[in-house]
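Here's the structure, in structure tokens; my notes come after.
None of these values were measured; they are calculated from a predicted model. The first residue in the sequence is number 1, and the count goes up from there.
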Amino acid sequence: GSLVRTEANGYGLCYFMEEALKAKGLSFNGSVVAISGSGNVAIFAYDKATEMGAKVVTMSDSDGYIHDPDGIDIELVKEIKLVRRGRIREYLKKRPGASYGDNCLDIWQVPCDIALPCATQNEIDENSARTLIKNGCKAVGEGANMPSTPEAIAVYLENKTIYGPAKA
């Protein structure tokens, strides 16, 4: 294995998307990012996106999602998910300004400039894709395996949204 095997998918996702964003005159710098998941891909996508100047405002697990408009406290997420193996909703105990939703798929209703689905297959359907676009999302980069349905992908393409497929 490589020395950065654990970080590779999350970091690679952000490196790839930064190049795609640059081609359209955009960047992670100053962008609001919605990330789904709270495992290795999501955590390391968070690390790289914030290193590139983004503010990440969402993360999730199989029970639900958190939205922190001030920016996700990744050290708290790591402590909850990696150290204690807890549930993402515990985040609110230390960050009362954040909110929790118990339907993971509603994460895509949170306005963002860039969406990075890093949780599971088919987590963004056509309706979620339309909501993302309506709320100002300019780019979707897939960190999970096939997180967007074919109908969602059609919405991205129809709206000329920057789209980085998982297979890339």
| Over 12 non-hydrogen atoms of neighbours within 6.0 angstrom of CG in Asn145 | no

| said: Under the side chain to side chain contact (heavy atoms under 4.5 Å, CB included) test against Ile124, which residue among Thr149, Val155, Leu132 passes? | reply: Leu132

| message | Please verify the inter-ring angle class for Tyr163 with Tyr156; under 30° counts as parallel, over 60° as perpendicular, anything in between as tilted. | response | tilted

| field | Ser31 side chain vs Val33 backbone, donor-acceptor pair below 3.5 Å | value | no

| field | Any donor-acceptor N/O pair, Asp68 side chain to Val57 backbone, under 3.5 Å | value | no

| field | Spacing of Ile43 atom CD1 and Ile72 atom CD1 [to the nearest 0.5 Å] | value | 11.5 Å

| said: For a side-chain contact (heavy atoms from CB on, under 4.5 Å) check, start with the C-alpha distance between Ile66 and Thr58, then their side-chain angles and the critical distance, and finish with the verdict. | reply: CA-CA 5 Å; Ile66 52 172; Thr58 66; over 6 Å; no

| field | Residues Asp47, Lys78; criterion salt bridge (charged side-chain N to carboxylate O under 4.0 Å, His left out); working and verdict | value | CA-CA 11 Å; Asp47 285 347; Lys78 287 177 182 177; 3.7 Å; yes

| Would you find a donor on one side and an acceptor on the other, under 3.5 Å apart, between the side chain of Thr161 and the backbone of Ala139? | no

| said: Please find the pair of heavy atoms, one from Leu116 and one from Cys14, that lie closest to each other, and give the distance. | reply: CD1-SG, 4.2 Å

| query | What distance separates Ile35 CD1 from Leu13 CG, expressed to the nearest 0.5 Å? | reply | 8.0 Å

| Please walk me through it: do Tyr15 and Met52 pass side-chain contact (heavy atoms from CB on, under 4.5 Å)? | CA-CA 9 Å; Tyr15 290 136; Met52 293 174 170; 3.5 Å; yes

| note | CD1 (Ile88) and CE (Met59) are apart, to the nearest 0.5 Å, by 6.0 Å

| note | Between Ser60 and Gly37 the two heavy atoms that sit nearest each other are OG-N, 2.7 Å

| query | Rounded to the nearest 0.5 Å, how far apart are OG of Ser148 and CD1 of Ile153? | reply | 5.5 Å

| message | Please evaluate residues Glu18 and Lys48 with respect to the criterion salt bridge (charged side-chain N to carboxylate O under 4.0 Å, His left out), reporting the C-alpha separation (whole Å), side-chain torsions for both, the decisive distance (0.1 Å), and the verdict. | response | CA-CA 10 Å; Glu18 183 68 5; Lys48 195 51 66 177; over 6 Å; no

| How far apart are the C-alpha atoms of Asp106 and Tyr65, what are their side-chain angles, what is the distance that settles it, and do they pass the side-chain hydrogen bond (donor to acceptor under 3.5 Å, both in side chains) test? | CA-CA 8 Å; Asp106 288 346; Tyr65 73 96; 5.3 Å; no

| request: Starting from the C-alpha separation in whole Å, work towards a yes-or-no answer on salt bridge (charged side-chain N to carboxylate O under 4.0 Å, His left out) for Glu75 and Lys94. | output: CA-CA 12 Å; Glu75 293 309 315; Lys94 302 252 173 133; over 6 Å; no

| said: Please determine whether side-chain contact (heavy atoms from CB on, under 4.5 Å) holds for the pair Arg87 and Lys81, giving the CA-CA distance in whole Å, both sets of side-chain angles, and the decisive distance to 0.1 Å. | reply: CA-CA 7 Å; Arg87 305 311 299 163; Lys81 298 302 294 176; 3.7 Å; yes

| message | If you apply the rule side-chain contact (heavy atoms from CB on, under 4.5 Å), what do you find for Arg95 with Asp73, and how did you get there? | response | CA-CA 9 Å; Arg95 296 290 291 244; Asp73 177 344; 3.2 Å; yes

| said: Does atom CE (Met146) have a neighbourhood of more than 12 heavy atoms from anything else shown, all under 6.0 Å? | reply: no

| task | Quick one: closest heavy-atom pair of Lys55 and Pro69, and the distance? | result | NZ-O, 2.9 Å

| query | Using 4.0 Å as the upper bound for N to carboxylate O, is an ion pair formed by Glu158 and Arg130? | reply | yes

| request: Kindly compute the distance separating CG (Asn127) from NZ (Lys134), expressed to the nearest 0.5 Å. | output: 10.5 Å

| Heavy-atom pair of closest approach, residues Met17 and Ile162 | CE-CG2, 4.0 Å

| Distance, nearest 0.5 Å, that separates CD of Glu19 from NZ of Lys24 | 14.5 Å

| Which heavy atom in Ala144 sits nearest to a heavy atom in Pro147, and how many Å separate them? | O-CD, 3.2 Å

